[in-house]
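A short worksheet on the structure shown next.
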Amino acid sequence: MTGTRESLGAMIGELAGTAAVRRRILQTIFPLLLTLPQRNNFKQLARWGNRNEGTLHNWYRKELHLDLFNRSLIDKYSTGDCFVIFRSVLSAQKRETHTLSWSILVRSSRSGQTGIGIGAFAVGDLGHHTAFHLSASLTPTAKELAKQGKTLMGHYVDLVRQQEGQIQHFGNLLVCDGYFGVQTFVEPILQMDICLISCLRSNAALYYAPILQLNPHGSKKRGRPRKKGSKIDWNNLDEQCLPIVLSDAEKIVRSALVYVKCFKRQVRLVAVDYLREDGSLFTRKLYFCTDTQKRGDLGFGTLPVPLSNRVPLP
């Protein structure tokens with residue numbers, strides 16, 4: 001957003017909805033936060049605005065439903081080719097965050113990390129190559145989770161459940177980092193009918209998709225169809241079952257349907273080998289998508305025609 005305070009207030013008023021009090025609060029606070037020449041605090045807001053500090057304190061106590069405002073903002077200015085991003089940690093050192101207590105600062109989802117634990121949602125826009133903030137909430141401490149009878153992963157699942165409507169509105173596609181590539185997170189997300197893209201651990205047990213077995217008469221063999229084929233050996237890959245979909249001097253991308261042992265289901269796998277300048281393997285990343293009908297490269301290139309002898313899970 002750019003312009004004078006008056007023009008910014010007019011733009012914000014269009015997005016704030018019909019609630020007069022909420023619209024007036026947002027039209028006052030947001031232009032000040034975007035244009036203040038000094039530190040953003042109540043004293044400076046009162047100095048440069050037309051409200052006293054007591055009024056501003058009372059306004060900040062109100063529930064303003066900023067997630068709905070952010071949704072309206074994204075709907076108006078995004079290209080429409082969107083997906084939702086979920087991130088669990090925003091690291092911060094204590095010396096850089098003077099106003100928060102130590103008990104707040106140690107709220108981190110990864111052991112051994114010092115920082116502010118935050119469950120943050122953003123909307124990625126492929127057209128603009130950027131992300132718009134949607135909502136965020138502090139992660140409870142271990143003691144608070146124990147009182148609630150929850151695990152940390154269960155808390156993150158609850159956050160996603162609270163944002164289920166927003167995720168469905170923005171393409172029903174959730175993207176998370178490798179920390180969430182575990183069964184305790186993937187299974188509840190699938191039960192919400194949300195498509196998940198994340199990253200597998202490098203030592204995950206993966207199997208090729210099963211091959212349709214035919215009897216001598218040319219018909220399918222009797223019995224339950226196989227769920228998985230042979231195990232994937234990265235030192236001896238089956239080029240037909242895990243074909244290359246993109247290759248250049250920096251990376252080699254392979255994609256296929258695979259069976260993941262820890263998930264007990266098939267997913268769309270995109271294995272990316274990042275190369276050094278001499279062409280040797282630098283590192284391998286295993287991305288996956290729970291929607292097996294998605295484009296097999298997940299944005300890395302063009303998917304070849306699938307093999308006719310691949311069969312889906314029963």
Side-chain angles (χ1 to χ4, degrees), residues 81-91 108-113 115 120 122-131 156 171 173-183 185-186 189 195-209 228-263 265-307 310:
D81 194 2
C82 299
F83 57 93
V84 177
I85 305 167
F86 179 53
R87 185 77 172 93
S88 63
V89 173
L90 176 63
S91 297
S108 175
S109 67
R110 291 164 175 80
S111 60
Q113 244 186 348
V123 176
D125 190 326
L126 293 177
H128 288 317
H129 299 282
T130 188
Y156 291 143
L173 178 61
L174 180 66
V175 179
C176 305
D177 59 23
Y179 176 75
F180 298 97
V182 294
Q183 197 270 344
F185 184 82
V186 173
I189 299 305
C195 176
L196 175 67
I197 293 179
S198 185
C199 187
L200 289 167
R201 295 180 180 178
S202 58
N203 61 349
L206 305 177
Y207 298 82
Y208 296 112
K228 58 185 179 181
S230 58
K231 189 174 182 178
I232 296 178
D233 181 3
W234 295 104
N235 295 322
N236 187 21
L237 286 175
D238 187 335
E239 298 291 342
Q240 186 181 19
C241 296
L242 193 59
I244 296 175
V245 297
L246 179 65
S247 178
D248 56 31
E250 297 179 352
K251 60 184 176 294
I252 298 176
V253 183
R254 303 174 185 271
S255 178
L257 295 179
V258 301
Y259 181 88
V260 184
K261 183 178 180 180
C262 61
F263 297 162
R265 65 172 62 246
Q266 271 190 344
V267 299
R268 169 67 65 179
L269 175 72
V270 176
V272 185
D273 291 346
Y274 294 97
L275 308 176
R276 296 188 177 93
E277 293 183 358
D278 59 0
S280 60
L281 177 65
F282 174 67
T283 186
R284 177 181 290 120
K285 296 296 183 180
L286 305 177
Y287 305 99
F288 73 91
C289 178
T290 56
D291 186 354
T292 57
Q293 303 302 318
K294 283 287 184 182
R295 216 176 74 185
D297 55 348
L298 301 183
F300 286 100
T302 306
L303 177 66
V305 178
L307 299 176
R310 300 291 104 184

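All of these numbers come straight from a predicted model, not from anything done at the bench.
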Donor-acceptor under 3.5 Å (S255 side chain, L269 main chain): yes
Heavy-atom neighbours of E277 CD exceed 12 at 6.0 Å: no
Heavy-atom pair of closest approach, residues R254 and L237: NE-CD1, 3.6 Å
Closest approach of C82 to V123 (non-hydrogen atoms, all atoms of both residues): CB-CG1, 3.7 Å
Test item: T292 side-chain N/O and R268 main-chain N/O as donor-acceptor pair under 3.5 Å: no
Rounded distance [0.5 Å steps], CZ in F83 versus CD1 in I197: 8.0 Å
From OG (S198) to CG (D177), nearest 0.5 Å: 6.5 Å
Test side-chain contact (heavy atoms from CB on, under 4.5 Å) applied to V253 and I244, step by step: CA-CA 6 Å; V253 183; I244 296 175; over 6 Å; no
Salt-bridge contact D273-K251 (side-chain N to carboxylate O under 4.0 Å): no
Backbone N/O of K285 and side chain of Y274: donor-acceptor pair under 3.5 Å: no
Close side-chain approach of I252 to L275, heavy-atom, < 4.5 Å: yes
Residues, nucleotides or ligands: over 12 heavy atoms within 6.0 Å of R284 CZ: yes
V182 to F263 - nearest heavy-atom pair and separation: C-CE2, 3.7 Å
Rounded distance [0.5 Å steps], SG in C195 versus CG in L174: 9.0 Å
Criterion side-chain contact (heavy atoms from CB on, under 4.5 Å) on F86 and I189, from CA distance to verdict: CA-CA 12 Å; F86 179 53; I189 299 305; over 6 Å; no
Centroid-centroid under 6.0 Å between F185 and Y156 rings: no
From CA spacing to verdict: side-chain contact (heavy atoms from CB on, under 4.5 Å), V186, F288: CA-CA 11 Å; V186 173; F288 73 91; 4.1 Å; yes
Taking every non-hydrogen atom, the tightest pair across Y179 and S88: CD2-OG, 4.5 Å
Within the 6.0 Å centroid threshold, strictly below: Y259 and Y208: no
Heavy-atom closest contact (C241 atom, A256 atom, distance): O-CB, 3.1 Å
Heavy-atom pair of closest approach, residues V267 and T290: CG1-CA, 4.5 Å
Gap separating the CG atom of L206 from the SG atom of C262, nearest 0.5 angstrom: 8.0 Å
Spacing of K228 atom NZ and Q266 atom CD [to the nearest 0.5 Å]: 12.0 Å
Residue pair L200, V260: steps toward the side-chain contact (heavy atoms from CB on, under 4.5 Å) verdict: CA-CA 9 Å; L200 289 167; V260 184; 4.2 Å; yes
Main-chain N/O of L281 paired to R276 side chain as donor or acceptor, under 3.5 Å: yes
Exceeds 12 heavy-atom contacts within 6.0 angstrom, atom CD of Q183: yes
